[in-house]
Amino acid sequence: MDYRKKFVVEPGAKVRLSKIDPRFKGGHESHDTAAREIEKNLEHMAKLQYLLYADANQSLLVVLQALDAGGKDGVIRHIFSAMNPQGTSVFGFKQPNKLESGHDFLWRAHVRTPGKGEVAIFNRSHYEDVLVVRVHKLVPESEWSRRYELINDFEKMLHANGTRILKFYLHISPEEQLERFKQRLDDPSRHWKISETDYAERELWSDYIEAFEDAMERTSTKHAPWYVIPSDHKWFRNLAISEIVVGALEDMHLKLPRATVDCAEIRQKYHSAEAQEQHSHEQHNHKRRKRSKSER
Ligand code: AMP
Ligand code: MG
């Protein structure tokens, strides 16, 4: 199944998250049957990232958004860990600090975008400025409502500079969220992840859904599409995202750059000399051994 086609938010289309099943599993019954496919995608991703880095002409920006416990951290750990840390960056968007809030809302995002040959992963993103900011009325509507267009212009500019943009909304059900919160409570090694605001934010579920639907409707474009990923099953989420990332990297038609030097000449110049050196070195050692033997 082509998950890019299946889960993409077509530009201009209405988004109704209640119509999308967060428990969707595709043709798979369980993680067991999907595991091989996920593994294959990860291997493929690693190879393509190597080409992206070597080619150093284009870049990839991945935006991860979700409600709390939606699985953003899990996607980074399980999927993007397949890539070489050299050439990859992850940035987690927290409440803006003083320096950040002294600038326009895109400033902190812009400095974290990938350079040529790089992959950048946004754990939350500039979209928080039309999500949490809207839900909690941190700025007036007259301000946040203008941001969709500013975001579209920003992403268009990045795309024009050779950056592919993939935006994922990890779609979980409220029941699955509560279950994940409970698992955190039951596991002392994950207690640090729990905050009371997580529970308070649950009360605002429908406000967040509305804000997400609006954001995706207004900012899913051909050059920076949103994908709604059914994420109640973590393994399915990993399968779908890894496949979409592989597809996007394949579309970049990445190739190893041509060598900038004459390899045959270099081999002849340095390595044949090295072979000769090695040979005379061995001969020298041989003679020495013979000499010391006859001296004994
Ligand atoms: P976490 O992802 O659990 O580390 O939490 C980060 C927190 O920062 C979340 O509650 C976000 O909603 C919040 N956050 C991120 N960006 C912004 C922003 N632009 N304005 C206000 N809060 C934000
Ligand atoms: Mg949190």
Side-chain angles (χ1 to χ4, degrees), residues 17 61-81 89-113 120-155 158 165 167-172 174 176-185 187-216 218-219 226 229 231 234 237 241:
L17 288 171
L61 172 61
V62 176
V63 168
L64 298 174
Q65 288 285 167
L67 286 153
D68 291 311
K72 301 186 303 297
D73 296 346
V75 168
I76 294 167
R77 204 166 54 247
H78 294 288
I79 305 298
F80 291 100
S81 59
S89 65
V90 179
F91 185 69
F93 287 72
K94 311 285 180 190
Q95 272 190 1
N97 63 28
K98 206 157 177 288
L99 178 67
E100 290 168 342
S101 52
H103 290 79
D104 67 87
F105 78 101
L106 291 169
W107 179 79
R108 66 172 179 163
H110 200 171
V111 290
R112 305 286 174 176
T113 54
I121 297 137
F122 283 3
N123 185 348
R124 302 184 188 270
S125 66
H126 46 293
Y127 282 94
E128 290 294 325
D129 292 277
V130 291
L131 295 167
V132 66
V133 166
R134 165 174 168 170
V135 170
H136 285 279
K137 305 184 170 56
L138 303 180
V139 303
E141 178 168 354
S142 58
E143 195 168 331
W144 61 252
S145 62
R146 279 188 286 132
R147 290 182 172 170
Y148 303 104
E149 210 181 316
L150 296 170
I151 289 174
N152 286 338
D153 287 345
F154 170 60
E155 293 177 352
L158 295 177
I165 305 170
K167 303 180 293 198
F168 296 106
Y169 169 66
L170 313 181
H171 181 42
I172 57 165
E176 177 65 17
Q177 186 194 49
L178 195 61
E179 176 56 31
R180 291 185 187 179
F181 283 173
K182 187 169 168 299
Q183 284 169 6
R184 288 179 180 178
L185 272 178
D187 176 358
S189 75
R190 287 197 283 167
H191 283 178
W192 66 273
K193 278 197 159 195
I194 303 168
S195 84
E196 283 224 47
T197 58
D198 289 347
Y199 289 88
E201 293 292 89
R202 265 177 75 75
E203 305 293 318
L204 300 168
W205 188 278
S206 57
D207 293 349
Y208 270 107
I209 294 298
E210 199 185 329
F212 267 112
E213 289 176 342
D214 262 4
M216 290 192 278
R218 296 186 194 193
T219 63
W226 273 104
I229 306 295
S231 297
K234 295 174 181 172
R237 168 202 79 198
I241 292 182

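The figures here come from the full heavy-atom set of this structure, side chains too, leaving out hydrogens, waters and symmetry mates. Both ligands and their constituent atoms are indexed starting at 1 by order of listing.
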- Taking the side chain as every heavy atom from C-beta outward, state whether Phe80 and Val90 have any atom pair closer than 4.5 Å.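 No, their side chains stay 4.5 Å or more apart.
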
- Taking the side chain as C-beta and beyond, is there a heavy-atom pair between His126 and Glu155 under 4.5 Å?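 With C-beta onward as the side chain, the pair touches.
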
- Nearest non-hydrogen atom to atom 3 (O) of ligand 1 belongs to which of Glu128, Lys72, Arg124?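 It is Arg124 whose heavy atom sits nearest to atom 3 (O) of ligand 1.
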
- Which of the listed options, Val132, Val135, Thr197, Asp198, holds the heavy atom that is closest to atom 23 (C) of ligand 1?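 Looking at heavy atoms only, Val132 sits closest to atom 23 (C) of ligand 1.
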
- Item | Sidechain-backbone polar pair: Arg180 side chain, Ala69 backbone, donor-acceptor under 3.5 Å |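 Yes, because the side chain of Arg180 sits within donor-acceptor range (under 3.5 Å) of the backbone of Ala69.
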
- Task: Taking atom CD of Glu149 as the centre, report whether more than 12 heavy atoms of other residues, nucleotides or ligands fall under 6.0 Å from it.
- Result: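 For Glu149, atom CD is not crowded (no more than 12 foreign heavy atoms under 6.0 Å).
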
- Message: Please classify the His126 to ligand 1 contact at 4.0 Å (heavy-atom distances, strictly less than): side chain, backbone, both or neither.
- Response: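 His126 to ligand 1: no contact under 4.0 Å from either part.
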
- Side chain, backbone, both or neither: which part of Val133 has a heavy atom under 4.0 Å from ligand 1?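 Side chain only.
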
- Strictly under 4.0 Å, does any heavy atom of Gly92 approach an atom of ligand 1?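 Judged by the 4.0 Å heavy-atom criterion, Gly92 does not count as contacting ligand 1.
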
- Message: Tell me whether Glu100 reaches ligand 1 (any heavy atom closer than 4.0 angstrom to a ligand atom).
- Response: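 Flag not set, Glu100 not near ligand 1.
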
- Task: Tell me yes or no: between the side chains of Glu128 and Gln95, is some donor less than 3.5 Å from an acceptor?
- Result: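 Side-chain D/A pair, Glu128 to Gln95: absent.
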
- Check Val139, Leu150, Val133 against Phe105 for a side-chain contact (heavy atoms from CB on, under 4.5 Å) and give me the one that passes.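 By the side-chain contact (heavy atoms from CB on, under 4.5 Å) criterion, Phe105 pairs with just one of Val139, Leu150, Val133: Leu150.
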
- Salt bridge present between Arg146 and Asp129 (N-O < 4.0 angstrom):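 Salt bridge flag = no for Asp129 with Arg146.
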
- Query: Atoms of ligand 1 less than 4.0 Å from Asp129 heavy atoms?
  - Reply: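 Close to Asp129: 19 (N).
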
- Pull out every atom of ligand 1 sitting under 4.0 Å from any heavy atom of Arg108, numbered as shown with elements.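 Near Arg108, the atoms of ligand 1 are 16 (N), 17 (C), 18 (C), 19 (N).
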
- Short N/O distance, under 3.5 Å, between Lys94 and ligand 1?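 By distance alone, the answer is yes.
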
